[in-house]
Number of protein chains: 2
Amino acid sequence: MRFSQQRETIINIIHSTKIHPTADWIYRKAKKYIPNISLGTVYRNLKQLEQDQLISTIFDGSVARFDSNMERHDHLKCKICGSLTDLTLDYDFKSTVKQKFNFIADEIEMTIIGTCSKHN
Amino acid sequence: MRFSQQRETIINIIHSTKIHPTADWIYRKAKKYIPNISLGTVYRNLKQLEQDQLISTIFDGSVARFDSNMERHDHLKCKICGSLTDLTLDYDFKSTVKQKFNFIADEIEMTIIGTCSKHN
DNA sequence: AAAAATAATAGTAATCATTACTATTTATTT
DNA sequence: AAATAAATAGTAATGATTACTATTATTTTT
């Protein structure tokens, strides 16, 4: 993977926020630095960064959001404001599903949906 | 909600399978009974059934799948064959997130990703 | 049982997120 | 400095889903 100003900018943008931005949000931010950057470039780089395990993709309903936090963690999703917040819960279901279903678990995605502290 | 043969057929199809079908899969099945049924009709009814809490929607990556199992449950997703299997794990994180984050949890979505028993 | 009211449909067009394509540009190697 | 090939911009294409509208079917009223 060769250096490019576009990719560098995209990486910086993702690392600068905790909001788990969409491709379009990243694109609009990136345009402030590189006005003629293309949305395709954003998507292509996001896919590449995910393949190289530098970011991960969260599917929030039908749109993809991108996360620079590569530690194992879960999410709180607020129904009111749509915010997605990181948290880390303690559990281990990998051994359970191996025993009960002979299923070899690689990762566990957990999203807790409800109302965040801002609205109560 | 008034009766319609189309909706009745869609409900029967969803209840007849455990594969968590997509809208398109339901549409192709439904055409065997109602050859000129429209894909829009399938989507409109699926949305309506979800609103009435008769089915639920699972977002599998970027495509929606539909589930007639309305009991609280989790999913095992196989990376090899793409299968999505129901299971029910025992946990309670609602009280934890209320205490730690003042977050009022309504539901928890958990998908365990890995390799199912067919491939090992 | 016929007429009136309106929910639901088929068929098609539009939308939105994402991916594919291609000629050109840019980073790296020779 | 020239050669090589990865990356880009801009645009077209795709696939899932939603919106629109004239017509059809179900339910209610008479």
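Chain A is the first sequence line, chain B the second, and so forth, proteins listed ahead of strands; every chain is numbered from 1.
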Is there any protein nitrogen or oxygen under 3.5 Å from a nitrogen or oxygen in nucleotides 27-30 of chain D, and what are the pairs?
residue: D/dT27; atom: OP1; partner: B/Phe3; partner atom: N; Å: 3.2

Closest non-hydrogen contact found for B/Ile10 with B/Ile37 is CD1-CD1, 4.5 Å

Whole angstrom value for the distance that separates C1' of D/dA6 from CD of A/Gln6: 12 Å

Residues B/Thr57 and B/Ala64: closest non-hydrogen pair is CG2-CB, 3.9 Å

Distance from B/Arg2 atom CZ to B/Arg7 atom CZ, nearest 0.5 Å? 10.0 Å

Write down the distance between CD (B/Gln51) and C1' (C/dA7), rounded to a whole number of angstrom. 15 Å

Between the axis at one end of the helix from C/dA1-D/dT30 to C/dT30-D/dA1 and the axis at the other (five pairs apiece), what's the angle to 10 degrees? 30°

How close do A/Arg65 and A/Gly82 get, counting heavy atoms only, and between which atoms? NH2-O, 4.4 Å

Closest-nucleotide mapping onto DNA chain D: is A/Ile37 or B/Ala23 further toward the 5' terminus? I mean the 5' end. A/Ile37

d(OH, B/Tyr27; P, C/dT12) in whole Å: 10 Å

Protein-nucleotide distance (A/Leu46, atom CG; C/dT18, atom P), rounded to Å: 9 Å

Nearest heavy atoms of A/Phe103 and B/Ile113, plus distance in Å: CE2-C, 3.9 Å

Along DNA chain C (nearest heavy atom to each residue), the more 5'-positioned of B/Gln5 and B/Ser62: B/Gln5

Please give, in whole Å, the distance from D/dG15 C1' to A/Phe59 CZ? 14 Å

Exceeds 12 heavy-atom contacts within 6.0 angstrom, atom NZ of A/Lys79: yes

Please report the distance, rounded to the nearest Å, between CZ in B/Arg7 and P in C/dA8. 5 Å

OH of B/Tyr33: more than 12 outside heavy atoms within 6.0 angstrom? no

Measure the acute angle between the ring planes of B/Tyr91 and A/Phe93, then classify it against the limits of 30° and 60° as parallel, tilted or perpendicular. tilted

Find the distance A/Ile11:CD1 to D/dA7:P and express it as a whole number of Å. 12 Å

Has A/Thr41 got a side-chain N or O lying under 4.0 Å from the OP1 or OP2 atom of D/dA9? yes

May I ask you to say what A/Asn45 touches in the nucleic acid, namely base, sugar-phosphate or nothing, with a heavy-atom cut-off under 4.0 Å? sugar-phosphate

Looking only at heavy atoms, the pair that brings B/Phe101 and A/Ser117 closest together is O-CB, 3.6 Å

For A/Thr41 and A/Gln6, does a side-chain donor sit closer than 3.5 Å to a side-chain acceptor? no

Using a distance-only test with no angle check, is there a side-chain donor-acceptor pair under 3.5 angstrom linking B/His73 and B/Asp67? yes

Under 4.5 Å between side-chain heavy atoms, hopping through other hydrophobics if needed: is there a path connecting B/Ile104 to A/Ile112? no

Nucleotide N/O of nucleotides 18-23 of chain D paired with protein N/O under 3.5 Å:
residue: D/dT18; atom: OP1; partner: B/Lys47; partner atom: NZ; Å: 2.8

Given atom CZ of A/Arg65 and atom C1' of C/dA17, what is their separation to the nearest angstrom? 14 Å

